[in-house]
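Just below is one structure, and these are the notes that go with it.
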2 protein chains.
Amino acid sequence: MSRSNPRVLATLERAGGFASAQEVYQLMQREGESIGLTTVYRALQSLLSDKIVDVLRRDDGEAIYRLCGDTHHHHLVCKSCGDTVEIEGGAIEKWAKTMAEEFGFREVGHTAEIFGICSKC
Amino acid sequence: MSRSNPRVLATLERAGGFASAQEVYQLMQREGESIGLTTVYRALQSLLSDKIVDVLRRDDGEAIYRLCGDTHHHHLVCKSCGDTVEIEGGAIEKWAKTMAEEFGFREVGHTAEIFGICSKC
DNA sequence: GTGGGAATGAAAATCATTTTCATTTCTGCT
DNA sequence: AGCAGAAATGAAAATGATTTTCATTCCCAC
């Protein structure tokens, strides 16, 4: 069940740790690697569920995957160039926990993203 | 060029100021309004470029539109039954603003969701 | 009224993503 | 070796949101 194809992971690294499935596929094609689009999608999903990569959405809705360290963090993403800054989310953690408790939820997780236009754009 | 169809806007309001194009369309159908899906999409785009609505992305990539200036809130969603509670996000707003400023971002927005298992499940 | 631009919507096109399914490759086992 | 079954692969078809095309209808100034 190890579908986390290492060639896909390597390509994602080569791409600067930030690319869509289609881009990873095209990159591999251009570099002469023989792989199917389906396999790329499957590998990315597997990497995702293994928490080796992270997924975000571009403005047009395309999913982009990126390598991700294991420390829990959030992202500040530029809507224009896609540049990403990893930020601390201590305030969020506390907020999520408080709110969840207030309404009696358990096994709580959360997502949070900030997006805007970066200083370069 | 005023394609910001008022019926679409009204429906978006009725939906709680938060819905996808498909949902707006279905809601209008169910309520017996005669409108085409194309028109709904066009109206939403128009409302968007007039800055009357805002667009976000759901996890699955579907675009959801929301009235700007609507009091902004977040969701606490049960992973098991899908039940949703709307919650205040004052802490988040501040956090997002602070972080964005720190890194020189402008035109800042954010998304945040908390998910878990509710008390009934 | 009438001519032309704007609005409408059905149907087709597009595009990312997922599913299906037949084929190939790997694995452990004898 | 040889073989069975599991897992991986990828081409092609299916899906689902969104966009485009295009013919028709509506509306408004003249």
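A note on names: the letters A, B, ... follow the listed sequences, proteins ahead of strands, and every chain is numbered from 1.
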Exercise for review: Choose from C:dA7, D:dT18, D:dT9 the nucleotide whose nearest atom is closest to any side-chain atom of A:Thr39.
Suggested key: D:dT9

**Study point:** Which residues share a side-chain contact (heavy atoms from CB on, under 4.5 Å) with B:Ala43, sequence neighbours left out
**Key:** B:Asn5, B:Val8

Practice item. Would you kindly give the CG-to-C1' distance between B:Leu37 and C:dA13, to the nearest whole Å? Key: 14 Å

Check your understanding: For B:Glu33 and C:dG9, what is the distance between atoms CD and P respectively, to the nearest whole Å?
Key -> 11 Å

Exercise for review: Look at the side-chain N and O atoms of B:Tyr41 and state whether any lies under 4.0 Å from the OP1 or OP2 oxygen of D:dT19.
Suggested key: no

**Study point:** Distance, rounded to the nearest Å, where B:Arg58 contributes CZ and D:dT18 contributes C1'
**Key:** 15 Å

Check your understanding: Can you name the side-chain contact (heavy atoms from CB on, under 4.5 Å) partners of A:Asp54, sequence neighbours left out?
Key -> A:Arg66, A:Cys68, A:His73, A:His75

**Study point:** Between C:dT17 (P) and B:Arg57 (CZ): distance, integer Å
**Key:** 11 Å

Practice item. Rounded off to whole Å, could you give me the CG-to-C1' distance for the B:Asn5 and C:dT8 pair? Key: 10 Å

Exercise for review: Determine whether B:Leu12 and B:Leu27 make a side-chain contact, defined as any pair of heavy atoms from C-beta on separated by less than 4.5 Å.
Suggested key: no

**Study point:** Sequence-distant partners of B:Glu62, side-chain hydrogen bond (donor to acceptor under 3.5 Å, both in side chains), two or more places apart
**Key:** B:Ser20, B:Arg58

Check your understanding: Looking at B:Val40 and B:Ala21, what are the two nearest heavy atoms and their distance?
Key -> CG1-O, 3.7 Å

Review point. Taking C-beta and beyond as the side chain, do B:Gln26 and B:Arg30 meet within less than 4.5 Å on heavy atoms?
Key: yes

Review point. Once you round it to whole Å, what is the distance between C1' of D:dT18 and CD1 of B:Ile64?
Key: 16 Å

**Study point:** Contact check, side chains of B:Glu102 and A:Leu76, non-hydrogen atoms, under 4.5 Å
**Key:** no

Review point. B:Tyr41 and B:Gln22: side-chain donor and acceptor closer than 3.5 Å?
Key: yes

Review point. Between D:dA8, D:dA17, C:dT8, which nucleotide has the shortest distance from any of its atoms to the side chain of A:Arg3?
Key: D:dA8

Point to revise | Protein-to-nucleotide contact annotation, 5' to 3' order, nucleotides 20-28 of chain D [B base; S sugar-phosphate only; - none; under 4.0 Å, heavy atom] | key: B--------

Check your understanding: Roughly, in whole Å, what's the span from CD1 in B:Ile35 to C1' in C:dA10?
Key -> 14 Å

Revision key, fill the gap. When rounded to whole Å, the CD to P distance for the pair A:Gln26 and C:dT17 reads 12 Å

Exercise for review: Not counting sequence neighbours, list each pair that qualifies as a ring pair (Phe, Tyr, Trp, His ring centres under 6.0 Å) and has a residue in residues 92-111 of chain B.
Suggested key: A:His74-B:Trp95, B:His72-B:His110, B:His74-B:His110

Do any N or O atoms of the protein come closer than 3.5 Å to N or O atoms of nucleotides 13-16 of chain D, and which pairs are they?
none

